[in-house]
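Letters A, B, ... mirror the listed sequences (proteins, then strands); counts begin at 1.
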4 protein chains.
Amino acid sequence: MPRPDMRAERIPQILDAALLVFARSGFDQTRMEDIAEQAGLSKATIYLYFSSKDELILALLKRFFDQSFEALTALQTAEGPVAVRLLEWTRQRMAEMQAQAAFLSIGFEFHALAARQETSRQLVRQSYAQYRRGIAALIQQGVEQGELQAINVEELAVAIISIYEGLTVLWMLEPGTVDVVGVAEQAVRALLVCYGRDN
Amino acid sequence: MPRPDMRAERIPQILDAALLVFARSGFDQTRMEDIAEQAGLSKATIYLYFSSKDELILALLKRFFDQSFEALTALQTAEGPVAVRLLEWTRQRMAEMQAQAAFLSIGFEFHALAARQETSRQLVRQSYAQYRRGIAALIQQGVEQGELQAINVEELAVAIISIYEGLTVLWMLEPGTVDVVGVAEQAVRALLVCYGRDN
Amino acid sequence: MPRPDMRAERIPQILDAALLVFARSGFDQTRMEDIAEQAGLSKATIYLYFSSKDELILALLKRFFDQSFEALTALQTAEGPVAVRLLEWTRQRMAEMQAQAAFLSIGFEFHALAARQETSRQLVRQSYAQYRRGIAALIQQGVEQGELQAINVEELAVAIISIYEGLTVLWMLEPGTVDVVGVAEQAVRALLVCYGRDN
Amino acid sequence: MPRPDMRAERIPQILDAALLVFARSGFDQTRMEDIAEQAGLSKATIYLYFSSKDELILALLKRFFDQSFEALTALQTAEGPVAVRLLEWTRQRMAEMQAQAAFLSIGFEFHALAARQETSRQLVRQSYAQYRRGIAALIQQGVEQGELQAINVEELAVAIISIYEGLTVLWMLEPGTVDVVGVAEQAVRALLVCYGRDN
DNA sequence: TATGAATGAGGGTTCATTCAT
DNA sequence: AATGAATGAACCCTCATTCAT
């Protein structure tokens with residue numbers, strides 16, 4: 001087993017390569033050989049760092065979500081009105097999603113995996129739950145500061161994340177037609193103000 | 001090539017079987033043999049009706065979305081206030097989604113396919129576009145009848161469908177925690193009333 | 001799974017081919033491809049009849065020993081003095097061994113397998129035990145008919161079989177030098193007359 | 001290339017390790033890695049002392065037989081009646097075989113190798129020939145001293161060694177059932193007295 | 001119409017061997 | 001002298017697809 005410093009170099013190298021080719025061809029249609037080529041290594045070398053294709057996919061899944069939520073904590077400790085912060089966050093997230101368009105298929109494939117395998121589902125679930133709690137905590141700040149009216153905070157967070165997720169699908173299908181930043185902003189604004197209110 | 005009446009019987013039989021095993025194992029991990037077993041036929045017989053595995057998947061994709069929107073036309077010609085009809089539709093759709101939970105993975109896999117293949121993307125896009133137009137037309141009715149305020153109808157439709165899509169993901173991950181029917185209803189109500197409005 | 005009549009044809013065909021190439025290259029150095037070629041089939045076809053290489057080897061092992069002992073029963077029911085019959089049997093066995101020289105390596109490899117795997121050992125042990133019992137029963141006939149003196153019949157059978165086995169090794173090493181038929185005959189004769197006697 | 005004194009230390013260390021793991025898993029199923037682990041060295045270090053796996057096996061083969069016959073010369077120069085010495089030798093040899101039970105599989109695998117490769121066969125043959133000559137010389141002593149009757153000395157030696165070899169197989173299969181020391185002793189005694197005699 | 005039988009074309013994984021340090 | 005790291009070459013096994021019956 002390679003030494004730690006070598007692993008620290010090779011593992012991201014391999015995961016980056018895997019991300020690229022998985023995005024292009026899907027988990028199953030991608031051959032270990034493809035990943036190796038993309039990484040500039042030999043097939044056998046991949047197996048020095050990941051014991052199987054499945055383990056590689058799992059490692060990717062973990063990294064995928066770990067990275068996603070570092071920004072979230074920053075969001076909660078930032079200054080200013082909650083609504084402003086959340087809308088800024090919304091814009092950033094949608095922009096980021098567009099920038100990462102090439103990798104969207106991997107996210108959908110993770111959903112498919114999660115929908116059919118308990119192991120994957122648990123991993124993905126934890127990430128989304130953490131995500132949801134982050135958004136909910138932010139909204140709760142707004143409520144406590146009197147900026148937002150008291151409603152079901154958890155549900156509102158779910159609705160907002162749903163907007164993000166759903167828009168990702170629709171934008172992927174029609175990138176030219178759907179103004180994802182605009183719709184996301186408007187929808188989140190509407191939800192913040194009106195969700196759970198009698199109208 | 002089998003006679004038409006034979007095809008009318010076998011094709012749904014095979015597609016039903018495929019739906020089941022694809023949902024369980026994914027497109028790539030499912031073998032033609034698995035489909036044949038589930039259908040009570042032999043592998044070779046499948047090839048009398050579908051020229052390849054890919055074609056079978058495409059046929060499934062088509063049927064998958066065709067079925068989804070038959071109810072939509074009924075929605076537009078029904079009676080009563082638009083908001084009531086849309087909320088009822090929302091409830092039905094979420095209930096239907098829960099009832100079809102076992103097949104959700106297929107939907108996600110279609111998204112993954114669409115994200116990486118132009119051919120699949122066009123198919124899925126058309127379905128979603130038709131869907132979006134249906135919802136938009138309904139909202140437009142409400143605007144014309146003075147029931148809803150004039151806003152960007154197309155965008156609102158996109159936001160509403162996003163809620164459906166996103167909630168499907170979140171519910172799949174935590175079926176016990178997320179009250180999809182409730183959240184969907186509240187969110188759609190909020191969007192209908194507040195989307196695009198200054199608040 | 002192929003029909004019985006097809007299996008009855010293919011299985012011996014495959015086992016015959018396997019015997020040949022295993023004898024030439026050993027179990028591990030033989031590739032499934034080699035067996036397939038020798039059998040005039042494709043690799044995949046082998047897997048229609050044997051689920052793995054190991055299973056194929058086991059099947060061969062079984063057939064190997066099953067065949068060996070059909071003649072043994074005939075030996076016990078034949079007419080004439082026991083000593084004469086046993087010596088005739090000895091000559092035949094050694095001649096047969098020489099005729100099958102090309103396959104000796106398989107026998108040795110079975111011994112190696114048996115020496116290190118419980119599963120294989122049980123199979124081989126049963127065959128040898130059956131063999132030993134056959135020889136012992138024959139000798140017992142001689143004792144009961146007053147032809148041979150009473151001694152430890154079981155042990156004598158073990159000694160005789162050891163001669164067969166050991167001579168096989170020595171002959172394999174020096175086929176030109178060792179007169180297996182002659183030595184086997186003389187040795188068995190000596191054992192029959194003198195084993196366990198005070199001299 | 002390591003210095004001689006280093007070689008004198010490492011080579012037995014590696015051969016001992018190889019013996020152990022080869023006995024457990026067979027030549028082909030054993031990986032160089034396994035040998036290295038057992039020897040407490042790294043894989044690459046093995047290659048400092050043996051240029052390939054095959055060479056390592058050959059070296060083991062040589063050592064295996066070299067060791068076996070050091071005692072043989074002692075046997076010929078010892079005092080006392082030949083029969084007594086040979087029977088003592090027989091007992092020792094069978095006891096030694098039982099003590100080395102764990103390594104029997106290697107011997108059988110050498111037989112298999114010898115049966116299919118000329119190179120290995122020559123090596124093994126020389127060892128057995130030397131062995132046979134040793135036993136024959138001993139018997140010849142007995143004949144010349146008038147202790148044993150004149151018969152075909154070479155053939156008798158072959159018969160005796162066959163007993164050793166054959167009993168090894170039978171004992172390996174049924175260590176609890178076969179009294180190898182007893183049978184070997186009785187059988188050798190019978191052969192000494194009666195082999196080649198008219199009875 | 002249906003299928004038992006067959007197979008070509010891989011794909012994941014392993015391992016003997018090499019080499020820079 | 002020793003080894004961590006790397007890899008080319010295989011090999012077992014699988015599976016979409018074909019075809020004779």
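Between A:F108 and B:F108, the ring center distance fails the sub-6.0 Å criterion.
Remark: P of F:dA10 and CE of C:M32 are 19 Å apart, rounded to the nearest angstrom. One atom, CG of C:D5, and another, C1' of F:dT21, lie 13 Å apart when rounded to the nearest Å. Regarding B:D28, its CG atom lies at a distance of 16 Å from the P atom of E:dG10, rounded to whole Å. One atom, CD of A:Q29, and another, P of E:dG10, lie 12 Å apart when rounded to the nearest Å. Straight-line distance from the OH atom of B:Y47 to the P atom of F:dA20: 18 Å, rounded to whole Å. Atoms CG (A:D34) and C1' (E:dG12) sit 12 Å apart, rounded to a whole Å. Per the geometry, CG belonging to C:D54 stands 14 Å off C1' belonging to F:dC11, to the nearest Å. Counting to the nearest Å, the P atom of E:dA6 and the CD atom of C:E37 are 17 Å from each other.
Between the side chain of C:K43 and the base of E:dG10, a donor-acceptor pair under 3.5 Å is found.
Under the Watson-Crick or G-U wobble criterion, with both distances below 3.5 Å, F:dT21 is paired with E:dA2. Pair check for F:dC11 finds E:dG12; Watson-Crick or G-U wobble, both atom distances under 3.5 Å.
Taking both residues in full, the closest heavy atoms of A:E109 and B:R116 are given as OE1-NH2, 2.7 Å, listed atom of the first, atom of the second, then distance.
Among the protein residues, A:T30 comes within range of the sugar-phosphate backbone only, with heavy atoms under 4.0 Å from sugar or phosphate atoms but none that close to a base. C:F50 comes within contact range of no nucleotide atom at all, as no heavy-atom separation falls under 4.0 Å.
For F:dG8, neither phosphate oxygen OP1 nor OP2 lies less than 4.0 angstrom from any side-chain nitrogen or oxygen of A:S42.
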(request) Test side-chain hydrogen bond (donor to acceptor under 3.5 Å, both in side chains) on A:R10 and A:Q13 and set out the steps. (result) CA-CA 5 Å; A:R10 286 277 175 271; A:Q13 175 184 5; 2.7 Å; yes
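In this structure, A:G40 and B:K53 both approach DNA chain F, and ranking their closest nucleotides by distance from the 5' end singles out A:G40. Mapping B:E33 and D:R10 onto DNA chain F by nearest heavy atom places D:R10 at the nucleotide closer to the 5' end. Taking the nucleotide of DNA chain E with the nearest heavy atom to each of A:S52 and D:F27, the more 5' of the two is matched to A:S52.
Distance from the side chain of C:R31 is smallest to F:dC12 among E:dT17, F:dC12, E:dG12. In this structure, the nucleotide among E:dT7, F:dA5, F:dT3 sitting nearest to the side chain of D:L41 is F:dT3.
Ring-plane geometry between B:H111 and B:Y128 is classed as tilted, the angle between the planes lying from 30 to 60 degrees on a 0 to 90 degree scale.
Salt-bridge annotation for A:D28 and A:K53: absent, with no side-chain N of the basic residue lying under 4.0 Å from a carboxylate O of the acidic one.
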